Protein chains: 2
Amino acid sequence: MARPTPLSGFPEWLPAGRVVEQHVLDTLRRTFELHGFAGIETRAVEPLDQLLRKGETSKEVYVLRRLQEEADSSEGAAGDRGGKGDKQLGLHFDLTVPFARYVLENAGHLAFPFKRHQIQKVWRGERPQDGRFREFVQADIDVVGAGELPYHFEVELPLVMAEALGELRSIGVPEVRILVNNRKVAEGFYRGLGLDDVEGVLRSIDKLDKIGPDKVGALLVAETGATPEQAAACLALAAISGSDASVAERVRALAAEHGVTSELLEEGLRELSALIDAAAVRAPGVVVADLKIARGLDYYTGSVYETVLVGHEQLGSICSGGRYDTLASDGANTYPGVGLSIGVSRLVSRLLSAGLVRSTRSVPSAVVVAVTSEETRPASDAVAVALRSRGIPVEVAPSAAKFGKQIKFADRRGIPFVWFPAGIGADGEVVAHQVKDIRSGEQVAADPATWAPSAEDLWPRVVPAGE
Amino acid sequence: MARPTPLSGFPEWLPAGRVVEQHVLDTLRRTFELHGFAGIETRAVEPLDQLLRKGETSKEVYVLRRLQEEADSSEGAAGDRGGKGDKQLGLHFDLTVPFARYVLENAGHLAFPFKRHQIQKVWRGERPQDGRFREFVQADIDVVGAGELPYHFEVELPLVMAEALGELRSIGVPEVRILVNNRKVAEGFYRGLGLDDVEGVLRSIDKLDKIGPDKVGALLVAETGATPEQAAACLALAAISGSDASVAERVRALAAEHGVTSELLEEGLRELSALIDAAAVRAPGVVVADLKIARGLDYYTGSVYETVLVGHEQLGSICSGGRYDTLASDGANTYPGVGLSIGVSRLVSRLLSAGLVRSTRSVPSAVVVAVTSEETRPASDAVAVALRSRGIPVEVAPSAAKFGKQIKFADRRGIPFVWFPAGIGADGEVVAHQVKDIRSGEQVAADPATWAPSAEDLWPRVVPAGE
């Protein structure tokens, strides 16, 4: 077998990189669970027809086929439903579609409002580029209600994400800005202006970052039938941002200027203001109202969120989501929801490629127990057992090489301590247990029943690259 | 959308079941890391030609196709290598093939011997049945050397698995037996008998549990050219099992009886004895030599392992593996390895379906903070923030319903405590913070800055179903 090369779009990390990713995942999970979100996983596949209901993503779906499918024609009866068409499966491209299906499938066994987190890989057959992968990890939180879902969850969820991402600041993750908007504000304003093609206006506004206000203004006139004055008003709305009560005042002033009165606009402003006010208390400086955020507004119905890493805005949003009045519906019941999704692979790949963070070592072990000779390996094993019983990660040297070589074994892996077991020395004298900190060279007598490394050295830690 | 039904072979757990699975995964990871195994993940896909090198599994592979592959003809140049044939990708069916590829791809960045654990989903398009899924989680540990790998790792690895599975005894996982054999014993014995079709003999012996010794004896005569005496000798070898030094003695006596002398047999017996002796000290009663274990002996070259849950032997092996002299090879270097793989989904599905274990609750929250009115929700949020800052998982009630309803909200989820925030009572009097244990009904004054639940109530725990 020739030496294989990586597959573009399918990132993998070396062990030290995986320590970073695992730390990020563990931190997110812990924060989500401190807020009461229950963890679930869904299968990687969904029926193709369900995946294709979200039109825009359909071309990204990976379809599955059993290599020997045709050879096994009796299979349909075994466990799959219906005819050949029903059997087509694809890999999920997000965690929202599977979650909606899970909610419908298990509604009778879930307690609503149901708060769940879900951390899994997803697949999209897109052209790979920086921060855009074909296989990547998402970490989602959603709250879903049965029939109704109070607005305060739209305040709570971005604050949970702010806290989760804030917990990562200590390892060197840059500050984040969560940019929020509310569809009711946009829709109320546009309709109040006399523009009824709300989707069309939002599609144009969504291009602001790419093509700038002049071209967006022209688009609005050309494609949504807006007058130059209406287009200018839409652009003025999109230019409003801030993190205090003045945002709503500026929107109201703009509306008054254009003779817009709209109950929907007022409702949206009240909601947006409540979010900004709560965020100012619980996550000062993190949440910013930004009225140009138009994200996925074809199915979002209230708050929408995007998140940028400060200093890495070009990477795009690393955490997005919003409120949808119909996450799922089975005819009898409708399940509204609100959720956000962190692009973990996008975040971690930037942390690693930009050299922002590092792991203090690439292996779990804090200690290598040296082996004096293969005959006395059991004595070395016994030391390892004693240390592990007290929660210290330990490995035993792979061979009874010269001690210098065993120290080098530890050094290459970043393992801070080498333990020399008690035994009979070269001159026949009894030698006591000793442990060496190979960074300082200090070597001291130690007892396997009581010695422990410092809390800092116990497990690999993820730290800012400069530390 | 009609209510969806499960896909056969693609298991999913309700939140309480996921608590069990997550506990199993966390316990395995912790044990692996205490022994110095570094965690890695590999992508879910491998080039199809690599997946098909293990002939027997080829019919189980799921092949991927981008739905719009044909529509995007320029893609080959973007990131994929070579022509159309090279682009075929399939989902991995185990974690060994991807690990071998990862080792070759990253050999220059890894320190050998390299100990890794890997916990991921794998996919096999087999017919689903009890304990056999199309998507399932495996938890693997392997040690791989560059050029050489000392025997003692063949002793260490099953002991790590014994410890990992032993850590699960406290939640109600049944006792396990790790059954071990050594290919050198079987091959040395058969060749010493004059049987050179070692693979053929092993294939027949592998059927012992299914068809019994009489039919296996007939198979040996019919398919490997054995005489009835040779067949009887093979069956006599396969009948030997035990967990002490007598195993090797019985094999030696059988060999002498049939005039078998073999250096390979002796080497195998020394290895097997070393494993049994070490296991008797470090995992008494868990490891049993069983000379009929013939698992995957087409590529294993030394120790082989299978593991049964005592009382659930019909489930099949839940943890298998062995030693292979060539995990991977790139021409210049050969990488021998030894590893075992736990079938986590098989284990967890049995734990749940047989009602062996349960989770103390289905959500992380230990506390629900009640909400007196929507106007005072920020006061309830503040209590939650204070508790969470000390590591207590908390959620705030979804609505300012009557307190009875809010208590019921907690009760339905198994959340043990409801917190009533300080405020102004119905009669205008000042009310202090109170917390109620809804199991006992006891309600006491409490301070958000200092109160904590017992360690037992802090997080959901997984316990034997009877507790």
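Sequence lines set the chain letters: A, B, ... in the order given, protein chains first and strands last, and positions in each chain run from 1. Predicted model only: the values in this text are computed from it and were never measured.
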So what's closer than 4.5 Å to chain B heavy atoms on A:Thr31: side chain, backbone, both or neither?
neither
Would B:Glu126 and A:Arg66 pass as an ion pair if we require N to O under 4.0 Å?
no
Okay, B:Leu91 and chain A: the region with an atom under 4.5 Å from a heavy atom over there is side chain
OG/B:Ser389 to CG/A:Leu34 distance, rounded to the nearest 0.5 angstrom?
9.5 Å
Looking at B:Phe409, B:Phe114, B:Tyr102, B:Phe32, which one has more heavy-atom pairs under 4.5 Å with chain A than the rest?
B:Tyr102
Is there side-chain contact between A:Glu41 and B:Glu12, with at least one heavy-atom pair below 4.5 Å?
no
Output the distance between atom CG (A:Leu89) and atom CG (B:Leu7), rounded to the nearest 0.5 Å.
5.5 Å
I'd like to verify something: which residue of A:Ile40, A:Asn106, A:Leu14 has the highest number of heavy-atom pairs under 4.5 Å with chain B?
A:Leu14
Using a 4.5 Å cut-off on heavy atoms from C-beta on, say whether the side chain of B:Asp330 contacts that of A:Pro4.
no
Structural part of B:Arg282 lying under 4.5 Å from a heavy atom of chain A:
side chain
Of the listed residues (B:Pro364, B:Gly391, B:Gly145), which shares the most heavy-atom pairs with chain A below a 4.5 Å separation?
B:Pro364
Determine whether A:Asp381 and B:Val281 make a side-chain contact, defined as any pair of heavy atoms from C-beta on separated by less than 4.5 Å.
no
Side chain, backbone, both or neither of A:Asp26 within contact of chain B (heavy atoms, under 4.5 Å)
side chain
Pair count under 4.5 Å, heavy atoms only, with chain A: among B:Lys121, B:Glu163, B:Glu21, B:Glu46, highest is B:Lys121
Heavy-atom proximity to chain A below 4.5 Å, by part of B:Phe37
backbone
Based on non-hydrogen pairs under 4.5 Å, which of B:Val19, B:Val363, B:Val45 is most in contact with chain A?
B:Val45
Using the test side chain to side chain contact (heavy atoms under 4.5 Å, CB included), find all partners of A:His152 that sit at least two apart in sequence or belong to another chain.
A:Pro150, B:Glu374, B:Arg377
Going by an N to O cut-off under 4.0 Å, is there a salt bridge joining B:Arg388 and A:Glu33?
no
Chain B contact via A:Gln118 - side chain, backbone, both or neither, heavy atoms under 4.5 Å:
neither
By a 4.5 Å heavy-atom criterion (distance strictly below it), what part of A:Ala44 contacts chain B: side chain, backbone, both, or neither?
both
Among B:Gln22, B:His109, B:Glu156, B:Arg412, residue most engaged with chain A (heavy-atom pairs, under 4.5 Å)
B:Gln22
Distance col, row A:Leu104:CG vs B:Thr5:OG1, nearest 0.5 angstrom, shows 12.0 Å
Applying side chain to side chain contact (heavy atoms under 4.5 Å, CB included) to B:His35 and A:Glu395, what does each step give before you reach the verdict?
CA-CA 6 Å; B:His35 286 262; A:Glu395 58 190 290; over 6 Å; no
Is chain A contacted by the side chain of B:Glu148, its backbone, both, or neither, given a heavy-atom distance below 4.5 Å?
neither
Could you tell me which portion of A:Val367 (side chain, backbone, both or neither) has an atom closer than 4.5 angstrom to a non-hydrogen atom of chain B?
neither
B:Arg29, part contacting chain A, at a heavy-atom distance under 4.5 Å
side chain
Given heavy-atom pairs under 4.5 angstrom as the criterion, report whether the side chain, backbone, both or neither of A:Phe112 touches chain B.
backbone
Tell me, do A:Pro6 and B:Glu105 make a side-chain contact under 4.5 Å, heavy atoms counted?
yes
Is B:Ala382 in contact with chain A via its backbone, its side chain, both, or neither, using a 4.5 Å heavy-atom distance?
neither
Output the option from B:Ala111, B:Ala38, B:Gly9 having the highest count of non-hydrogen pairs under 4.5 Å with chain A.
B:Ala111
